[in-house]
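Note sheet for the following structure.
It should be emphasised that the depicted structure is a prediction, and the values quoted were computed from it without experimental measurement. Computation of the quantities below employed the complete heavy-atom set of this structure, encompassing side-chain atoms and omitting hydrogens, waters and symmetry-equivalent molecules. Residue numbers begin at 1 in each chain, while the letters A, B, ... track the order of the sequences.
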Amino acid sequence: MRTRIAPSPTGSLHLGTVRTALYNQLLAMSTGGEFCFRLEDTDRTRSKEEHTDEIIRGFEWLGIKWHGEMLRQSERDSHYQEHIDRLLSENKAYKCYATPEELDEMRKQQRANKEQEGYDNRSRDLSPAAVAAYETEGRSWVIRLNLGQDRDIQWDDVVRGPMSINTRDLGGDPIIQKGNGQVLYNFAVVVDDYEMQMSHVFRGEDHLTNTAKQIAIYQALGISAPIFGHLPLIFTKDRAKLSKRKHGDIAGVDKYRNEGYLPEALVNYLIATSYSNGVDEVYALDHAAKDFNPDRISKSPAVYDIDKLNWYNREYMAKLSYAELMQELQPYLKYDLAKFDEAQQEALIEAIRGNLNKFSDINQNLVYFFEDEPIEEKLTKFIDEGANVLQELYKLLSADDFDYSDAAAIKDAINALGEKLELKGKKLFWPIRIAISSRSHGPDLGLVISLLGREKVLERLSQCMNSVRS
RNA sequence: GCCCCCAUCGUCUAGUGGCCUAGGACACACGGUUUUCAUCCGUGCAGCAGGGAUUCGAAUUCCCUUGGGGGUACCA
């Protein structure tokens, strides 16, 4: 089995492209076949080298590896020309001299008459005299495939089952080579998939009509087509195809790499949307490959859900050791942890790692260790209500011999204070936590106080006590 | 407009005629643990789009309706 991913470098790496790549790779892996990579850059004006780099970088980050060299369509013009010439000589393709203006006019008429829109094959059977006339006129031409008599084009889709599209619904004889000599996508794909000996082509559902056109080309060329499978699209909550244009950077892989998602999590999430083996939820690529069965790919679109992705990411982050986590966190760290000793750093990071959806979340969990933040309006009442707690705590913590180095001991002291004041739970902890960290959520209080140290803790405490409204 | 595809909790899905009082996961709500926070655990919430037909029996098969989506380029 040979499969491929064939992205077009006209934009950043799209989540849908990644998922398509994943299924193709899974397919190859599960049978010991090969998974290849081809760049669909036939449209020179829209293809950009920066996008090519971006795509490759994205695949590398995700751990998606392909077999052999990356093939560029832009370097294969001679291969295409050979096949074009043959179709021309066999009368399976022809020159069309219609100008864009004429075609526009044709479509306008069709719309006005409520006829089916599409090319009317007017140049299909041009007389030699007519051709000569156009030539002397100096008109340029495109090459169109002669679809011949209307007929059903059929294939057995691995995902969708039996498919049938009639050639009359293809919009007329399709152009396979532009006026400037560049071959069109549908033609290049066929030639390449054939020469690369692809056995299976899995791609997005948006290619369903293209597949019919491509099969027509395979037939004209007299070569056999691969097995096709059409994957459901990825939607957003608004139930439209996830796209960079409409939905911004959530559609691209870069966002997830930049924000500090684990590639394994993104891979897992993407596979699991539209595919399930009925048992596993969290798994790596090679595990999924063991029993991968394309028949189980879902037919209906999958709605992109950031909550689920976050959940996967937390699952994978939880597996990281402290050392691994620190290394991943390093590029995102806005604050210098060096003011804490090694043991303190570890205690801190271990205490807040459960709060992270992604690595870039680290800073928001660290701010109050490095900066003074205003207390949220809705939290100030806890300060007012707990003024006596703060006072008592201040007395305790301002004692010359109070030891700030032992987080557990600090916690014990707070507990003792609670008993003394006959307060417990939120009544005891929230005033303290809010006064010291400006927040109602955070890691263990003993640890926070210990890390902040005498000076900062007393400063914040006294500041809060001064602002109490009695 | 025309062609094509799709249809199980809010979301991802299991389910291939009786094992379904429709299972799991995310999210959400509540409870327990943590005298606070996070974690963890438990419970709950919630669905076969509608209508016909076939059948002793239908989420599962067929038809229609409705809804959603994709395609319809000298883009890919």
Are A/T236 and A/H247 close enough that a side-chain donor and a side-chain acceptor fall under 3.5 Å?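 Yes, side-chain donor-acceptor contact under 3.5 Å.
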Aromatic centroids of A/F370 and A/Y335 separated by under 6.0 Å: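 Judged by ring-centre distance (under 6.0 Å), A/Y335 and A/F370 do meet the cut-off.
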What does the list of N/O pairs under 3.5 Å between the protein and nucleotides 65-67 of chain B look like, with a distance for each?
none

So if I take every side-chain heavy atom of A/V303 and compare against B/G71, B/A14, B/C12, which nucleotide ends up nearest?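 From the listed options, B/C12 comes nearest.
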Give me the distances for all protein-to-nucleotides 4-9 of chain B N/O pairs that come in under 3.5 Å?
residue	atom	partner	partner atom	Å
B/C5	O2'	A/R160	NH1	2.6
B/C5	O2'	A/E205	OE2	2.7

Among all residues two or more places apart in sequence or in another chain, which pass the salt bridge (Lys or Arg N to Asp or Glu O under 4.0 Å) test with [X]?
X: A/K241; result: A/D206
X: A/D361; result: A/K358
X: A/E373; result: A/R439
X: A/K299; result: none

When you measure from every atom of RNA chain B, which of [range] have a heavy atom less than 4.0 Å away?
range: residues 228-252 of chain A; answer: A/L233, A/F235, A/R239, A/K241
range: residues 264-275 of chain A; answer: A/A272, A/T273, A/S274
range: residues 176-195 of chain A; answer: A/K178, A/G179, A/L184, A/Y185

Give me the distances for all protein-to-nucleotides 15-20 of chain B N/O pairs that come in under 3.5 Å?
residue	atom	partner	partner atom	Å
B/G15	OP1	A/R296	NH1	3.2
B/G15	OP1	A/R296	NH2	3.3

A/T209 vs B/G70: side-chain N/O to OP1/OP2 distance below 4.0 Å: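 Indeed not, no polar side-chain atom of A/T209 lies that close.
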What does nucleotides 27-39 of chain B look like as a protein-contact string, B for base, S for sugar-phosphate only, - for none, at under 4.0 angstrom between heavy atoms? S-------BBBSS
By the 4.0 Å heavy-atom rule, please label [X] as base, sugar-phosphate, or nothing.
X: A/N210; answer: base
X: A/E40; answer: sugar-phosphate
X: A/T42; answer: sugar-phosphate

By side-chain hydrogen bond (donor to acceptor under 3.5 Å, both in side chains), which residues pair with A/Y185, not counting sequence neighbours?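 Partners of A/Y185 by the side-chain hydrogen bond (donor to acceptor under 3.5 Å, both in side chains) criterion, ordered by chain and then number, come out as A/H207.
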State whether A/R139 and A/E137 are salt-bridged, where the test is any N-O pair (Lys NZ or Arg NE/NH1/NH2 against Asp/Glu carboxylate O) under 4.0 Å.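 Salt bridge between A/R139 and A/E137, a charged N being under 4.0 Å from a carboxylate O: yes.
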